[in-house]
Amino acid sequence: EPGYCNRIITYSEMGEHEKAEEMFYLAQQLKSKCPLCYYNIGNSLFARKLYDRAIWCWQQTRELDAEHPQIEYRIAQAYWAKNDTVRAREYFLQELRRNPGDVEVLLDTGILLLERNELDSALEKFHRILELEPEHAPAHHYLGEIHLYRGKFSQALESFHQALKLNPNIQGSHYRLGECYWKLGQMANAREHLLEEWNRSPNQPDILLDLGCLLDRIGQRQEAMKCFERVLDLEPDDERAYQNLSLCYYQSGLLEQGIDLSLSVLDFNEDNVAALQNLAF
């Protein structure tokens, strides 16, 4: 049975998920209550975005082995992926009650709390990480995001610069520095950091969308358009990228190209108000 059990995770990591399931059912014939089998197949299901099935499997692991490492954490991640932030928060906090010094869990919990606008609780998690690991670059970055949201620009600048000092390759910090400097009216500094973020070829659609919008605001329209085009390479059905790119085309005088993109948005969603506004424009 352990031979089949361990092959579940091996096939999952190779992307051969049908073989992973085959190993799971073969293992079940020999030992039907193996917590590690359920855990491993849960990872495979999570990778395929079958979140409800993954949660069920990890709950089986939890029932069979209440002390299984990070099991509450994995369930929390699945609920988070389902956009059920209430249950995700519940399981993250359960995991932290079991392992209060787990930096990985503290970071994800802090990010979730930040998404839920629970800023004081998120701030506490990032400070806790820095107590444990003072040179943890992502914690400095997310502290900067909280300071930026609260309008504390000097503290935000300090946090983002510290994140980049500790990890020059961290994604998002140059963008946030650009945003800070833009809000402070320091356009040369804003342009420098926004272009630096673009040159790093970010691959997260949300970062690219925000970056493109801000580049457009400071007059870097060609780079903004490249951001939106990159989003569409990553997510071909992203309505927001079509909308922003179409507006860039309109403002550049490329009306026919803009109209084509706006019509593409309406193919996805005929009631998209932003696309209708762009066409009217």
N/O donor-acceptor pairs under 3.5 Å from side chains in residues 49-59, not counting sequence neighbours:
residue, atom, partner, partner atom, Å
Asp52, OD1, Lys82, NZ, 2.9
Trp58, NE1, Tyr39, O, 3.1

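- Salt bridge present: Arg150 and Asp120 bring a charged side-chain N and a carboxylate O closer than 4.0 Å.
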* To do: Kindly determine whether Arg7 and Leu26 satisfy side chain to side chain contact (heavy atoms under 4.5 Å, CB included), including the steps that lead there.
  => CA-CA 11 Å; Arg7 287 163 73 189; Leu26 288 169; over 6 Å; no
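- Ion pairing of Asp210 with Arg240 is absent here, as no side-chain N (NZ or NE/NH1/NH2) approaches a carboxylate O to less than 4.0 Å.
- The ring-ring contact (aromatic ring centres under 6.0 Å, His included) pairs that include a residue from residues 210-266 are Tyr242-Phe268, where partners are two or more places apart or lie in different chains.
- Residues meeting the side-chain hydrogen bond (donor to acceptor under 3.5 Å, both in side chains) test with Thr61, sequence neighbours left out: none.
- A continuous path of Ile, Leu, Val, Met, Phe, Trp and Tyr side chains, each step under 4.5 Å between heavy atoms, connects Phe46 with Ile71, placing both in one hydrophobic cluster.
- Taking every heavy atom of both residues into account, Leu166 and Ala137 meet most closely at CB-CB, 4.0 Å.
- Here His17 pairs with nothing under the ring pair (Phe, Tyr, Trp, His ring centres under 6.0 Å) rule; sequence neighbours left out.
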Mind listing the side-chain donor-acceptor pairs of residues 91-103 below 3.5 Å, one per line with the distance, residues two or more places apart or on another chain?
residue, atom, partner, partner atom, Å
Gln94, OE1, Arg62, NH2, 3.3
Gln94, NE2, Glu90, OE2, 3.4
Glu95, OE1, Glu72, N, 3.1
Glu95, OE1, Tyr73, N, 3.0
Glu95, OE2, Asn99, ND2, 2.8
Arg98, NH1, Ala66, O, 3.4
Arg98, NH2, Ala66, O, 3.2
Arg98, NH2, His68, O, 3.1
Asp102, OD1, Glu104, N, 3.1
Asp102, OD1, Val105, N, 3.2
Asp102, OD2, Gln70, NE2, 2.9

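- In the hydrophobic cluster analysis, where Ile, Leu, Val, Met, Phe, Trp and Tyr join through side-chain heavy atoms closer than 4.5 angstrom, Leu143 is grouped together with Ile111.
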Just list the side-chain donor-acceptor pairs under 3.5 Å for residues 8-15, sequence neighbours left out, or say none.
residue, atom, partner, partner atom, Å
Thr10, OG1, Asn6, O, 3.0
Ser12, OG, Ile8, O, 2.8

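- The distance from the CD atom of Glu158 to the CZ atom of Phe160 is 12.0 Å, given to the nearest 0.5 Å.
- Trp80 and Asp108 make their closest contact through CH2-O, 3.6 Å (heavy atoms, listed as atom of the first residue, atom of the second, distance).
- When hydrophobic clusters are built by joining Ile, Leu, Val, Met, Phe, Trp and Tyr residues whose side-chain heavy atoms come closer than 4.5 Å, directly or via intermediates, Leu208 is grouped together with Leu214.
- For the salt bridge (Lys or Arg N to Asp or Glu O under 4.0 Å) condition, the pairs that include at least one residue of residues 29-48, sequence neighbours left out, are Glu21-Arg48.
- Applying the side-chain hydrogen bond (donor to acceptor under 3.5 Å, both in side chains) rule to pairs touching residues 136-145 yields His141-Glu145, His141-Ser173, Glu145-Arg176, sequence neighbours excluded.
- Taken from CG in Leu211 to CZ in Arg230, the straight-line distance is 12.5 Å, to the nearest 0.5 Å.
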* Asked: Would Tyr181 and Leu194 satisfy side chain to side chain contact (heavy atoms under 4.5 Å, CB included), going step by step from the backbone distance to the final call?
  -> CA-CA 10 Å; Tyr181 284 123; Leu194 292 172; over 6 Å; no
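- Here the closest heavy-atom approach between residue Val265 and residue Glu239 is recorded as CG2-O, 4.0 Å.
- Salt-bridge formation is not detected for the pair Glu197/Arg200: no Lys NZ or Arg NE/NH1/NH2 atom is positioned less than 4.0 Å from an Asp or Glu carboxylate oxygen.
- Here Leu36 contributes atom CG and Glu1 contributes atom CD; the two are 8.0 Å apart, rounded to the nearest 0.5 Å.
- For Glu131, the side-chain contact (heavy atoms from CB on, under 4.5 Å) criterion is met by Arg128, not counting sequence neighbours.
- Put simply, the side chain of Cys180 reaches to within 4.5 Å of the side chain of Leu148, judged on heavy atoms.
- Here the closest non-hydrogen pair linking Gly110 and Ala122 is O-CB, 3.5 Å.
- Identified under the side-chain hydrogen bond (donor to acceptor under 3.5 Å, both in side chains) test for residues 213-222, with sequence neighbours left out: Arg191-Gln220, Asp216-Arg221, Gln220-Glu223, Arg221-Gln251.
- There is no path of hydrophobic side-chain contacts, each under 4.5 Å, that joins Tyr175 to Leu157.
- Taken from CG in Leu123 to CG in Leu113, the straight-line distance is 11.0 Å, to the nearest 0.5 Å.
- Here the CG atom belonging to Leu184 is positioned 8.5 Å from the OG atom belonging to Ser154, to the nearest 0.5 angstrom.
- Looking at residues two or more places apart in sequence or on another chain, you find a side-chain contact (heavy atoms from CB on, under 4.5 Å) between Arg116 and Thr85, Val86, Arg89, Leu112, Glu118.
- Within 6.0 Å of OH in Tyr4 there are 12 or fewer heavy atoms belonging to other residues, nucleotides or ligands.
- Between Pro205 and Val231, the closest heavy-atom pair is O-CG2, 3.9 Å.
- Expressed to the nearest 0.5 Å, how far CH2 of Trp182 lies from CG of Asn189 amounts to 15.5 Å.
- Between the side chains of Asn278 and Gln243, no donor-acceptor pair of N or O atoms lies under 3.5 Å.
- In this structure, a donor-acceptor pair under 3.5 Å is present between the side chains of Arg74 and Asn43.
- Among residues two or more places apart in sequence or in another chain, the side-chain contact (heavy atoms from CB on, under 4.5 Å) test is passed with Gln155 by His147, Lys152.
- Taking the six-membered ring for Trp, Tyr38 and Phe24 have ring centres closer than 6.0 Å.
- Put simply, Leu177 and Phe153 are part of the same group of oily side chains (I, L, V, M, F, W, Y) that touch within less than 4.5 Å, one to the next.
- The minimum heavy-atom distance between Ala163 and Ile170, with the atom names listed, is O-CG2, 4.2 Å.
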